[in-house]
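As a basis for the values below, the full set of heavy atoms in this structure was taken, side chains included, without hydrogen atoms, waters or symmetry mates.
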Amino acid sequence: MTVNLDAQILSSKLLTYSKKFPVVIFSHGLSSNRNIHASLLKEWATHGFICFSLDHEEEIEVGQDWSMADMQAFRFDQIKQRKEEISKVIDFIFDQ
């Protein structure tokens, strides 16, 4: 997992506050990426939320001849992988 520690901070004033800020961990949908939702995350950040946005890099190749059971198993594996990635982000946050 790649972590960008040099992400843009919209307001340097946030660095001087000693209060706690709410955290958003954003996981984009299937066939999407974190950049599509950047304006939403920036909006939340302007309201004091610390936003972490994941970019899931799993392969999305669904076979045309897949059964519904095959697709469900594939999606279950994706969700399991995303759960693990989100857990790593939470661990990273609390280790700082």
* Is Phe76 linked to Met71 within one hydrophobic cluster, defined over Ile, Leu, Val, Met, Phe, Trp and Tyr using a side-chain heavy-atom separation of less than 4.5 Å? -> no
OG (Ser87) and CZ (Phe92) are apart, to the nearest 0.5 Å, by 15.0 Å
When rounded to the nearest 0.5 Å, the distance separating CG of Leu54 from CD1 of Ile86 is 6.0 Å
| message | side chain to side chain contact (heavy atoms under 4.5 Å, CB included) for Val23 and Phe49? Distances and angles first, verdict last. | response | CA-CA 6 Å; Val23 171; Phe49 290 86; over 6 Å; no
Sorted by chain and number, sequence neighbours left out, side-chain contact (heavy atoms from CB on, under 4.5 Å) with Ile79 holds for Arg75
Of all heavy-atom pairs linking Pro22 and Gly48, the shortest is CD-O, 3.6 Å
Across all chains, not counting sequence neighbours, the side chain to side chain donor-acceptor pair (under 3.5 Å) partners of Asp70 are Ser67
dist Phe74:CZ -> Gln78:CD (nearest 0.5 Å) comes out at 4.0 Å
To the nearest 0.5 Å, atom CD of Glu43 lies from atom NE2 of His47 at 3.5 Å
* To do: Under the side chain to side chain contact (heavy atoms under 4.5 Å, CB included) rule, what do Val24 and Ile50 come out as? Steps first, then yes or no, please.
  => CA-CA 6 Å; Val24 172; Ile50 306 299; over 6 Å; no
According to the interplanar angle, ranging from 0 to 90°, do the rings of Phe26 and His37 count as parallel (below 30°), tilted (30 to 60°) or perpendicular (above 60°)? tilted
Smallest heavy-atom separation, Cys51 atom then Leu41 atom, equals SG-O, 3.6 Å
